[in-house]
Enquirer: 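Input: one structure, supplied below.
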Amino acid sequence: MCADATTRTTLDKAADENFPVAPFFLPRAWRADLMAVYGYARLVDDIGDGDLAPGGADARHLGVTPRPAGAGSAEERLVLLDAFEADLLRVFDSVPAHPLLRALQPTVRRRSLTPEPFLGLIEANRQDQRVRRYETYDDLLAYCELSANPVGRLVLAVTNSASPERVRRADAVCTALQIVEHLQDVAEDLGRDRIYLPAQDMRRFRVTEADLARPTAGASVRALIAHEAERARELLDEGAPLVGSVHGRLRLLLAGFVAGGLAALDAIADAGHDVLPGPPRPGRPRLLRQAASVLRRARREG
């Protein structure tokens, strides 16, 4: 697969997210910069998950000999993450080798972005290779600080709208979205020998790892998922005032993020909190209804 096709494969995954990545109503420059940031975030996650496009083009761009099997071991993924980090740092002082990082470089320069949020996403994926269970909810929140919150901070930076309060609200939204994704993907994550449900909560609800491997969820698993979903909903509620703190098309974009999380939680609830057969996904009508509701709240609070 050629580099252009590999890059397109990565960017096309934006359509599968719970939230709009770079919708049509945004200014063209914003869309380009948000897609560059998304491409980076998606690729680093694909490296960490062993989901790179077949053919080994990404590894070759990073100067790593590709493995025929594709996904490789945790050790091989760590090698790729190290090479990716080295290439990321070239974005800030020279010329990177990977085409997605070359596409990111104009955004970094135009928006005066710093390495920290990008490095956080790499560190989250390193952690995924070493940590496969989380004992407490606080442990999970610390992981989300690396795996999710940098994305919201980058969105605020790209749109020149960051402030300490907005960053705090954006962190709540992004952590919620990460937890929602974990709830949707319980079965998929277990297939990778990862569990993002706090072990403390699993014991409280008398859920075992064997229960998570079943085709459908029993009552205890459903109760656990409902509990974690309520936590995510509370985080979305905490972060929702972010939408009312901005105006214009940025308000629409941020409303889409919050609405995407709420609509996904509604889909999980509609499935009776049984996420094991596959990830419950909201339809477009539900997403639009939630977006309208979020915008109404923003007008009241703004």
Side-chain angles (χ1 to χ4, degrees), residues 17-19 45 120-121 124 127-128 131-153 165-190 194-209 211-212 217-243 254-282 286-287 290-291 293-294 297 301:
E17 303 292 347
N18 282 325
F19 51 87
D45 279 355
L121 294 173
Q127 186 165 315
D128 276 334
V131 180
R132 299 185 177 275
R133 306 291 189 274
Y134 290 86
E135 176 62 23
T136 68
Y137 182 61
D138 285 344
D139 292 337
L140 187 64
L141 293 181
Y143 169 74
C144 292
E145 177 70 21
L146 295 171
S147 68
N149 297 0
V151 175
R153 297 180 184 200
E165 178 64 10
R166 285 174 181 160
V167 166
R168 186 179 74 81
R169 300 287 189 182
D171 284 353
V173 171
C174 289
T175 292
L177 292 175
Q178 180 75 87
I179 291 172
V180 170
E181 183 178 337
H182 288 160
L183 297 181
Q184 291 173 311
D185 294 340
V186 167
E188 179 182 332
D189 290 334
L190 187 62
R194 297 177 188 166
I195 297 177
Y196 296 99
L197 300 167
Q200 196 174 73
D201 295 342
M202 289 178 63
R203 291 192 294 271
R204 173 185 169 190
F205 286 91
R206 295 181 171 82
V207 171
T208 67
E209 293 191 14
D211 293 328
L212 301 180
S220 58
V221 172
R222 292 172 189 247
L224 172 61
I225 297 300
H227 174 70
E228 306 301 345
E230 183 56 31
R231 282 175 153 170
R233 196 176 291 274
E234 289 172 359
L235 283 168
L236 285 172
D237 189 59
E238 178 185 340
L242 172 68
V243 179
L254 299 182
F257 292 164
V258 176
L262 292 171
L265 287 172
D266 286 347
I268 291 171
D270 284 352
H273 297 98
D274 184 3
V275 296
L276 300 187
R281 302 285 186 193
R286 167 166 282 157
L287 178 60
Q290 282 289 4
S293 176
V294 172
R297 172 177 171 174
E301 296 176 346

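All values derive from a computational prediction rather than experimental measurement. Count residues from 1 along the sequence.
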Enquirer: So, using side chain to side chain contact (heavy atoms under 4.5 Å, CB included) as the criterion, who are the partners of Gln127 when residues are at least two apart?
Expert: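 Side chain to side chain contact (heavy atoms under 4.5 Å, CB included) check on Gln127 returns Val131, Tyr134, Tyr143, Leu146.
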
Enquirer: At what distance, to the nearest 0.5 angstrom, does OG of Ser147 lie from OH of Tyr196?
Expert: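 Reported to 0.5 Å precision, the distance equals 7.5 Å.
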
Enquirer: Report yes if the side chains of Leu235 and Leu177 come closer than 4.5 Å at any heavy-atom pair, otherwise no.
Expert: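 No - every pair of side-chain heavy atoms lies 4.5 Å or more apart.
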
Enquirer: Test of understanding: with side chain to side chain contact (heavy atoms under 4.5 Å, CB included), list the residues that count as partners of Ala187, not counting sequence neighbours.
Expert: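 Expected list: none.
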
Enquirer: Considering only NZ, NE, NH1 and NH2 on the basic side and carboxylate oxygens on the acidic side, decide whether Asp237 and Arg297 come within less than 4.0 Å.
Expert: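 Judged by the 4.0 Å cut-off on N to carboxylate O distance, Asp237 and Arg297 do form a salt bridge.
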
Enquirer: Do side-chain atoms of Arg281 reach the backbone of Ala264 as a donor and acceptor pair under 3.5 angstrom?
Expert: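 No; zero donor-acceptor contacts below 3.5 Å.
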
Enquirer: Once salt bridge (charged side-chain N to carboxylate O under 4.0 Å, His left out) is applied, what residue pairs with a partner in residues 134-147 remain, sequence neighbours excluded?
Expert: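 Matches after skipping sequence neighbours: Glu135-Arg203, Glu145-Arg153.
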
Enquirer: Measuring from atom CD of Gln184 to atom CD1 of Ile179, what distance do you get when rounded to the nearest 0.5 angstrom?
Expert: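 Here the rounded value is 12.5 Å.
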
Enquirer: On a heavy-atom basis, which atom in Ala271 and which in Arg222 lie closest, and how many Å separate them?
Expert: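 Scanning both residues, the minimum pair turns out to be O-NH1, 4.0 Å.
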
Enquirer: Which heavy-atom pair separates Leu236 from Gly261 by the least distance, and what is that distance?
Expert: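 Taking every non-hydrogen atom into account, CD1-C, 3.7 Å.
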
Enquirer: Let me confirm one number: the CD1-CG distance from Ile225 to Leu183, rounded to the nearest 0.5 Å.
Expert: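 Taking CD1 in Ile225 and CG in Leu183, the distance rounds to 5.0 Å.
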
Enquirer: Locate the shortest heavy-atom distance separating Leu254 from Leu242; write the atom from each residue and the value.
Expert: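 So the two residues come closest at CD1-CG, 3.8 Å.
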
Enquirer: Closest heavy-atom contact between Ala176 and Ala232?
Expert: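 Heavy atoms of Ala176 and Ala232 come nearest at CB-O, 3.5 Å.
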
Enquirer: Tell me every residue that passes side-chain hydrogen bond (donor to acceptor under 3.5 Å, both in side chains) with Thr208, counting only those two or more places apart in sequence or in another chain.
Expert: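 Partners of Thr208 by the side-chain hydrogen bond (donor to acceptor under 3.5 Å, both in side chains) criterion, ordered by chain and then number, come out as Asp211.
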
Enquirer: State plainly whether the residues Arg233 and Glu228 are in salt-bridge range, i.e. N to O under 4.0 Å.
Expert: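 Judged by the 4.0 Å cut-off on N to carboxylate O distance, Arg233 and Glu228 do not form a salt bridge.
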
Enquirer: Find out whether His273 and Pro280 are in side-chain contact, i.e. whether some heavy atom of one side chain is under 4.5 Å from a heavy atom of the other.
Expert: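 A side-chain contact is absent here, since even the closest heavy-atom pair is not under 4.5 Å.
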
Enquirer: Look up atom CG in Leu140 and atom CZ in Arg231, then write down how far apart they are to the nearest 0.5 Å.
Expert: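 So the CG of Leu140 and the CZ of Arg231 are separated by 9.0 Å.
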
Enquirer: Looking at Pro282 and Ala267, what are the two nearest heavy atoms and their distance?
Expert: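 So the two residues come closest at N-CB, 3.8 Å.
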
Enquirer: Checking Gln200 against Thr136: is there a side-chain donor and acceptor pair closer than 3.5 Å?
Expert: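 No.
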
Enquirer: Grab the two heavy atoms, one from Cys144 and one from Pro150, that are nearest each other, plus how far apart they are.
Expert: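 Here Cys144 and Pro150 meet closest at O-CD, 4.5 Å.
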
Enquirer: Could you list the residues that satisfy side-chain hydrogen bond (donor to acceptor under 3.5 Å, both in side chains) with Arg168, not counting sequence neighbours?
Expert: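 side-chain hydrogen bond (donor to acceptor under 3.5 Å, both in side chains) check on Arg168 returns Glu165, Glu238.
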
Enquirer: So, Arg194 and Asp185, do they make that salt bridge, N to O below 4.0 Å?
Expert: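 Result for this pair is no, no salt bridge flagged.
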
Enquirer: The criterion is side chain to side chain contact (heavy atoms under 4.5 Å, CB included); which residues satisfy it with Leu212, sequence neighbours excluded?
Expert: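 Leu212 satisfies side chain to side chain contact (heavy atoms under 4.5 Å, CB included) with Val186, Leu190, Ile195, Leu197, Met202, Val207, Val221 once adjacent residues are dropped.
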
Enquirer: Between Asp274 (side chain only) and Ala217 (backbone N and O only), is there a donor and an acceptor less than 3.5 Å apart?
Expert: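 Confirmed, Asp274 side chain pairs with Ala217 backbone.
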
Enquirer: Could you go through Arg169 and Val243, starting from their C-alpha distance and side-chain angles, then the distance that decides it, and tell me whether this counts as side-chain contact (heavy atoms from CB on, under 4.5 Å)?
Expert: CA-CA 9 Å; Arg169 300 287 189 182; Val243 179; over 6 Å; no

